[in-house]
Amino acid sequence: MIQTWLGAVCIAWLLVQAVLLFVYRHALTAYWREPVLRYPVLIFESDDWGAGPLEQAHRLDALRQILKGHRDQWGHYPVMTMGIILSIADTEAMCAAKELNYIRISLDHTRFKSVLTALYAGINEGVFAPQLHGMEHYWPPVVMAAAKTDAQVATWLKTNGIPQSEALPSRLQSRWIDAASLPSQSLSEAEIGAAVVEEVSMYTQIFGTKPVIAVPTTFVWSNAVERAWANHGVSCIVTPGTRYESRDTHGRPSGDSRVILNGERGQGNVMYLVRNNYFEPKLGHRAEKGLDALALQTACGRPTLLETHRFNFLGDLAQSKVALAELDRLLTEARAHYSELRFLSTQDIAEAIASQDTTLITTTLRTKINAWLARINRMSRFWKLARLTGLIVPLWLLGKWAA
Ligand SMILES: [Zn+2]
């Protein structure tokens, strides 16, 4: 009698665990399929550089010097990707013109020579890696339309000197939607296609190669944008681990909340990579925040892609120096903690995943299990249920075996 009871309890217990695994099967298999890196990798993903204030030139030089002060054991410098904005409103020309039309000034204009020289220097030294952020950090017709009702935008279009896209209302900094009024509206596929042709052509003219990696401004983009980029040579899109496609009635980015993992594919077979944390010293982020992210992502077998922006390094000189010092400290500490730390570019990671390069991506079962357990450990609801149902026991045993 007791044996029958015990047998029934065991079967019920196993059944509950099987149901839990079944319910979470998609997420669990996705985390298993996500590539696992052999080494800790640290990359700074930096946005908004290019057509903008000329002070960028010497701030880029200062960044280059910090990055060149560090090397991994293979002799590579740390890489800071540069999300490039190719042009901005020529507000002075627009004010001088008789009719109110949008006029752009591009990064290849002689006015930006110093900025471009600093960018080229870092690219040649291997500390900067350019990525396409956009022709503009906004959709020009939308900014023009918004200026009719929004005084802040109208004032921005009359900036004396070169304006900064950061000063636009946040909703207008999304390039691939019409957010003149909210909720935002989609742009047509034809408009998107034509704009992508234009931006890819200008990027190629300035940097000598087509863009391989694109970073959507404010992470708002659509299938149509992916298709257009893929059609013109972009093979990788940097994401925040999800996709936003519009702005809601409050101007907040809004999407379908799906989770995007490294190596997953989108329209036109573009590969997604994921930025997994922020390093914005001007917002109070210290080196420790970057080190915590590096520890977590290394345990998860992922590269650590830290998002940062030019605003940390522009403006107030004292604050900019603090930002540089924190960057320097983060690199020093990271090298001290991880002897196998590798400095690679985001493109290196994308290419290694695409070619299943086993010098960087592991195929060892135990290493993969450890990374998978670290990943699913972050699924708090699943983990709570695993505790409740006792599934934690076989998972723990699996971890012990893999350790
Ligand atoms: Zn940006």
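Order of appearance sets the numbers: ligands from 1, and atoms from 1 within every ligand.
- For D48, the N/O/S atom at the shortest distance from the Zn ion (ligand 1) is named OD1.
- Under 4.0 Å is where a charged nitrogen must lie from a carboxylate oxygen, and between E264 and R258 no such pair does.
- Under 2.8 Å from the Zn ion (ligand 1) lies no N/O/S atom of D47, from backbone or side chain alike.
- In this structure, R342 satisfies the cation-pi test against W74, with its NZ or CZ atom closer than 6.0 Å to the six-membered ring centre and inside 45 degrees of the ring normal.
- Relative ring orientation between F311 and H309 is described as parallel, the plane-to-plane angle staying below 30° on a 0-90° scale split at 30° and 60°.
- Checked by atom type, the side-chain pair W139/Q173 shows no donor-acceptor distance below 3.5 Å.
- Among the atoms of H137, an N, O or S atom is found under 2.8 Å from the Zn ion (ligand 1).
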